[in-house]
2 protein chains.
Amino acid sequence: MLLSYQQGFRKTTLADIAEKAGVPLGNVYYYFKTKDEIAHAIIDERLSQFYALRAKLESMASPKDRLLAFAQMTMNNRQQLAKGGCEMGTLCSELQKEPGELAIEAGRLLSEPLGWLTAQFRALGKAPAEGLALHLLSALQGVSVLANALHDPAVVAAETAYLKAWIEEL
Amino acid sequence: MLLSYQQGFRKTTLADIAEKAGVPLGNVYYYFKTKDEIAHAIIDERLSQFYALRAKLESMASPKDRLLAFAQMTMNNRQQLAKGGCEMGTLCSELQKEPGELAIEAGRLLSEPLGWLTAQFRALGKAPAEGLALHLLSALQGVSVLANALHDPAVVAAETAYLKAWIEEL
DNA sequence: GTCTATACCGAGATAGAC
DNA sequence: GTCTATCTCGGTATAGAC
């Protein structure tokens, strides 16, 4: 999964995966029938990671604190974002270029976070919750794209500081 | 160039390109020595398109009008963004996954627009110009990623309306 | 300069021994 | 269930006739 993030899913060969897993090439097909099936597994794993994060954030009582913590996670991750972009966003974007069901499935990597953010803004009593969630997630995804393009984690720091102030002032 | 946008650069074969251009496969190598050279040509072409756009926007006297027109262009392009994402952003992101000089060259697809936006905010007398430009471009890139993931042009409409109001109020 | 044919290689997928 | 060997196809790139 790390490789498919660093070099892109399609560029990562089954030989790469087998080597990383310490098993011979032919053995991969015992666990996955096709490479697309591996894509599905990676999407599921990323979604599980998000659900775990979401559960952790929901231990906070205040929706505002949850939103601030969400933005802060991007901030904390800025070195990695500068190197390879967002794990969810880059995978999602890559798979959008493919025909078939994989693109739809990959869309959940962003629609699930968007839905959760919407719920937080709604709990805060701010409207339109959808629009605010969209603005926040767009900014975070966009700054990840830019940080990756510029190879500069500083832009993430600047933008997340801006967004956290924006959340505070809502 | 259209194909490499629709299906991704690496997924687009030289056979695809040759067919689209109406020439036999072998002939492509008369114009480009390698596929990477084609990538460079596409980047150059996209940059030229941006320079042309920039020149057109600079015919407007007011920096604020330029910024509003820039946001409006994304709005006008929302159908295409929902289908395949931003031409500059998706190409840039894809090429970031590759080693070598191509990634750096592709970074200009976003650093050039960012630099121009910064100049506009500076001309407006708003500070920090870099931070404001970063916020605007992040939001536009991010909403393009989301529109593509959700296959929904409406999110572009919502976010650009938000951003245009934000520019007006600066 | 333009085309056909083909070499070469890497990647996904399979067969079948153990 | 685990491994080796191999098939097959598609894609980049080249050779060389016209």
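Numbers restart at 1 for each chain; the letters A, B, ... are given by sequence-line order, proteins then strands. These numbers were taken from a predicted model, which means no experiment stands behind them.
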(request) Please work out which residues in residues 29-45 of chain B have a non-hydrogen atom less than 4.0 Å from an atom of DNA chain D and list them by number. (result)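 Residues of residues 29-45 of chain B under 4.0 Å from DNA chain D: B:Y29, B:T34, B:K35.
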(request) Fit a plane to each ring of A:F50 and A:W116, take the angle between them on a 0 to 90° scale, and name the class: parallel (under 30°), tilted (30 to 60°) or perpendicular (over 60°). (result)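 Correct class here is perpendicular.
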(request) Take the angle between the ring planes of A:W166 and A:H135 and call it parallel below 30°, perpendicular above 60°, tilted in between. (result)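 If you compare the ring of A:W166 with that of A:H135, the planes turn out perpendicular.
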(request) At the 4.0 Å heavy-atom cut-off to chain B, mark where contacts on DNA chain D begin and end, going 5' to 3'. (result)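 With heavy atoms of chain B under 4.0 Å away, the range is D:dG11 to D:dT14.
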(message) Within a 6.0 Å radius of atom CE on B:M60, are there more than 12 heavy atoms belonging to other residues, nucleotides or ligands?
(response)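 More than 12 heavy atoms, drawn from other residues, nucleotides or ligands, come within 6.0 Å of this atom.
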(message) Other residues, nucleotides and ligands only: do more than 12 of their heavy atoms fall within 6.0 Å of CD on B:Q6?
(response)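 Correct, the count exceeds 12.
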(request) Calculate, to the nearest 0.5 Å, the distance between atoms NZ and OG belonging to A:K35 and A:S4 respectively. (result)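 Taking NZ in A:K35 and OG in A:S4, the distance rounds to 9.0 Å.
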(request) For the pair A:Q96 (side chain) and A:A103 (backbone), establish whether a donor and an acceptor sit closer than 3.5 Å, ignoring hydrogens and angles. (result)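 It does hold such a pair.
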(message) Closer than 4.0 angstrom, basic N to acidic O: yes or no for A:E105 and A:R108?
(response)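 Yes, A:E105 and A:R108 are salt-bridged.
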(request) Answer yes or no: is there an ion pair linking B:E98 with B:R10, defined by an N-O contact shorter than 4.0 Å? (result)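 Judged by the 4.0 Å cut-off on N to carboxylate O distance, B:E98 and B:R10 do form a salt bridge.
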(request) Give the C-alpha distance, both sets of side-chain angles, the deciding distance and a yes or no for side-chain hydrogen bond (donor to acceptor under 3.5 Å, both in side chains) between A:T13 and A:D16. (result) CA-CA 5 Å; A:T13 68; A:D16 289 338; 3.2 Å; yes
(request) Indicate, with yes or no, if B:L3 and B:M88 share a hydrophobic cluster defined by side-chain heavy-atom contacts under 4.5 Å among Ile, Leu, Val, Met, Phe, Trp and Tyr. (result)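 Not linked; separate clusters.
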(message) At a heavy-atom distance below 4.0 Å, what parts of residues 17-26 of chain A sit against DNA chain C?
(response)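 Correct list: A:L25, A:G26.
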